[in-house]
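Encoded as structure tokens, the structure appears first; notes follow it.
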Amino acid sequence: MTTPWLCRYLLWIDGLAAACAGVLMLALGERLSGWYQLPQSLLLLIGLVNLGYATYSLSLAMRAKRPRPLIVLLVLGNSLWAAACLRWALVFAPTASPWGLAHLLGESAFVGGLALLEWRWRARLATPVEPVHA
């Protein structure tokens, strides 16, 4: 059975998206705080968590064989982060700008979607990576 393209690169997409989000949030957090009308400390936390998560996800992406418990831990991390972003959106809804809420809700949806895909394909993600054929 052939592995879907998205499944093959899912951990790379997950890790690189988190790395980009983390770097951008740390680099632009002060400016975004005013634009988003969210506490700068929250944006700093979001940036740091994204970078930490990226390290974990990319470390799994680089492995030829990934233990299933590590994939399940990844899914759990994504699920908890999606819930945290959703909670912050609810907490800050009265004061955040539409851009700030869009960021929190978008991150929740994106990370929650990753969790669903990683859970669905957890067995394939844990098996040795198939070579890419041209």
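Quick caveat: nothing in here was measured; it's all calculated off a predicted structure.
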- [ ] Report the C-alpha distance between L125 and L60 in whole Å, list the side-chain angles of each, state the deciding distance to 0.1 Å, and finish with yes or no for side-chain contact (heavy atoms from CB on, under 4.5 Å).
- [x] CA-CA 9 Å; L125 292 171; L60 285 178; over 6 Å; no

Task: Hydrophobic cluster identity match, L26 and V23, side-chain contacts under 4.5 Å - done: yes

TODO: Identify whether L32 and L48 are in the same connected component of the hydrophobic contact network (ILVMFWY, side-chain heavy atoms under 4.5 Å).
DONE: no

Task: Gap separating the SG atom of C85 from the NE2 atom of H103, nearest 0.5 angstrom - done: 6.5 Å

Task: Interatomic spacing from OG in S57 to CE in M62 - rounded to 0.5 Å - done: 9.5 Å

Throw together a table of side-chain donor-acceptor distances under 3.5 angstrom for residues 73-80, partners on residues two or more places apart or in other chains.
from	atom 1	to	atom 2	distance (Å)
N78	OD1	Y53	OH	3.0
N78	ND2	D14	OD2	3.2
N78	ND2	Y53	OH	2.8
N78	ND2	E118	OE1	2.8
S79	OG	V75	O	2.8

- [ ] Indicate the atoms forming the closest heavy-atom contact of A82 with S108, along with that distance.
- [x] O-OG, 2.8 Å

Open item on the list: Under 4.5 Å side-chain heavy-atom separation, chaining through any Ile, Leu, Val, Met, Phe, Trp or Tyr, what else clusters with L86? Say none if it is isolated.
Closed with: L105

Which pairs of donor and acceptor atoms, one on a side chain in residues 38-45, lie under 3.5 Å apart (sequence neighbours left out)?
none

Open item on the list: Looking at W12, I want to see if its CH2 is surrounded by more than 12 non-hydrogen atoms of other residues, nucleotides or ligands under 6.0 Å.
Closed with: yes

I want to check something: taking the side chain as every heavy atom from C-beta on, are [X] and [Y] in contact at a cut-off of under 4.5 Å?
X: L101; Y: Y36; answer: no
X: W121; Y: I71; answer: no
X: W119; Y: V72; answer: yes
X: R63; Y: L70; answer: yes
X: I46; Y: L104; answer: yes
X: R66; Y: L11; answer: yes

TODO: For the residue pair E107 and W81, confirm or rule out a side-chain donor-acceptor distance under 3.5 Å.
DONE: yes

